[in-house]
> 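Handing you a structure now.
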There are 2 protein chains.
Amino acid sequence: MNISQTATETGLSAKTIRYYESIGLISQTRRKTNGYRDYEATDLKQLKFLCRARDFGFSIEDCRVLLSLYQNPERKSAEVHELVEKKLQDVDQRIRELQSMRSLLDKLISDCPNDTQPECAIIDSMAGREPLANINTGNLPAKLTGHEANG
Amino acid sequence: MNISQTATETGLSAKTIRYYESIGLISQTRRKTNGYRDYEATDLKQLKFLCRARDFGFSIEDCRVLLSLYQNPERKSAEVHELVEKKLQDVDQRIRELQSMRSLLDKLISDCPNDTQPECAIIDSMAGREPLANINTGNLPAKLTGHEANG
DNA sequence: TGTAAACCTTACACCTGGAGTAAGGTCAAG
DNA sequence: CTTGACCTTACTCCAGGTGTAAGGTTTACA
């Protein structure tokens, strides 16, 4: 089977399949007499496996390990478990970081007057100034007083 | 002030500062007679601003816009507000994606026996097989019966 | 005065995980 | 015979820098 059909069936692009071969994630593909790559059922399984593993968020290097476990009938499920557990912790860590960032952004937004004036708590905050603290606009909403509760 | 001290004070690396100059995020830096870059107070403020904006998750291109707003005394706070609002939505989207990935990983983990045997629901799942479905190990826990509820 | 360390400069390669493009060979249909 | 779809390799490019090389400058110390 040619690479294009293989791409369609595995969910990867032809480009990606060639790339995986070039970095040794999959082994050199058998060629037809015309030089075209020729894939068969076991190759398709392997590539589908890789596509799913990538969808699960595993890096290429993780995939190398997962693939070797996939192909090793003497694997211990605990080895796989450990790898996935580690990945889960990575994902949790990234979620926490993003949530932290999210709450910072949310605070910026709620402090910004969102009008046609240049005074902006967002700019002030990023500039390291006290947001709006020393600017006497005379009509600051009360929400600014809730500021210190979030330090 | 030399670049090294500037890096220390702004929270960026010297490498990063040169990089920002090379891509035009900051303008060409004044040089001393020996060719060394020479930074002063306003440069430090600008670089600190960039460091914070990056910490908030803004891309370099976002930073270009934020910096121009920062330096424009006729800005409207609503413009800044909109940019930050958009960023917040991006972050929310990424959090949702990661949470979705997280729940998939979590399910994989709970389905894996985590022992010394090769039978592994994680591998099966990534291989596109029914996890453990056709494997008669004889001692599968009841949790596997709950599997079809998630198709 | 010598010299070694610590600083500075530019320029290039490298990282992830591919995507885009060029230049050319092959194959099937009309 | 040509057209278009497919295939090949090889190269560049993306973000946002980091690492390293090769060399110039400055400072401290003996």
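All chains are named by letter (A, B, ...) in the order of the sequence lines, taking the proteins before the strands, and each is independently numbered beginning at 1. Keep in mind that what you see is a predicted model, and the values were worked out from it rather than measured.
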> Would you say A:Gln93 has more than 12 foreign heavy atoms packed within less than 6.0 Å of its CD?
yes

> Give me each pair satisfying side-chain hydrogen bond (donor to acceptor under 3.5 Å, both in side chains) with a member in residues 74-88 of chain B, each pair once, sequence neighbours excluded.
A:Asp115-B:Ser77

> What integer distance in Å separates A:Ile60:CD1 from C:dG18:P?
5 Å

> To the nearest angstrom, how far is A:Ile17 atom CD1 from C:dA19 atom P?
11 Å

> With sequence neighbours left out, write down each residue that passes side-chain hydrogen bond (donor to acceptor under 3.5 Å, both in side chains) with A:Arg94, or none if nothing qualifies.
none

> Taking only residues two or more places apart in sequence or in another chain, which ones pass salt bridge (Lys or Arg N to Asp or Glu O under 4.0 Å) with B:Glu97?
none

> Whole Å only: how far is the CE atom of B:Met1 from the C1' atom of D:dT26?
18 Å

> Strictly below 4.0 Å, heavy-atom distances to any atom of DNA chain D: list the hits from residues 40-50 of chain B, or just say none.
none

> Quick one: name the residues clustered hydrophobically with A:Leu44, using the 4.5 Å side-chain heavy-atom rule over I, L, V, M, F, W, Y, and just say none if it's on its own.
A:Met1

> Give the angle between the helix axes at the two ends of the helix from C:dT1-D:dA30 to C:dG30-D:dC1, taking five base pairs at each end and rounding to 10°.
30°

> May I have the distance from A:Tyr19 (atom OH) to D:dC11 (atom P), rounded to whole angstrom?
17 Å

> By side-chain hydrogen bond (donor to acceptor under 3.5 Å, both in side chains), which residues pair with A:Arg102, not counting sequence neighbours?
B:Asp92

> Are B:Met126 and A:Leu25 connected in a single hydrophobic cluster, I mean Ile/Leu/Val/Met/Phe/Trp/Tyr linked by side-chain heavy atoms less than 4.5 Å apart?
yes

> The criterion is side-chain hydrogen bond (donor to acceptor under 3.5 Å, both in side chains); which residues satisfy it with B:Asn2, sequence neighbours excluded?
B:Lys32

> Within the pair A:Asn34 and C:dC27, is there a side-chain N or O less than 4.0 Å away from OP1 or OP2?
yes

> Which residue pairs pass the side-chain hydrogen bond (donor to acceptor under 3.5 Å, both in side chains) test when at least one of the two sits in residues 54-73 of chain A, sequence neighbours left out?
A:Ser59-A:Asp62, A:Glu61-A:Arg64

> Ignoring backbone atoms, test whether B:Ser13 places a side-chain nitrogen or oxygen under 4.0 Å from the OP1 or OP2 oxygen of D:dT18.
yes

> Provide, to the nearest angstrom, the distance between the NZ atom belonging to A:Lys32 and the C1' atom belonging to C:dC27.
10 Å

> If the condition is side-chain hydrogen bond (donor to acceptor under 3.5 Å, both in side chains), which residues does B:Arg31 pass it with, not counting sequence neighbours?
none

> Which parts of nucleotides 5-11 of chain C does protein reach within less than 4.0 Å, heavy atoms only, written one letter per nucleotide 5' to 3' as B for base, S for sugar-phosphate only and - for none?
--BSBBB

> Quick one: is A:Ser59 getting a side-chain N or O under 4.0 Å of the C:dT16 phosphate, OP1 or OP2?
no

> Please list all pairs passing the side-chain hydrogen bond (donor to acceptor under 3.5 Å, both in side chains) test where one or both residues lie in residues 5-23 of chain B, with sequence neighbours left out.
B:Gln5-B:Glu9, B:Ser13-B:Thr16, B:Glu21-B:Thr29, B:Glu21-B:Arg37

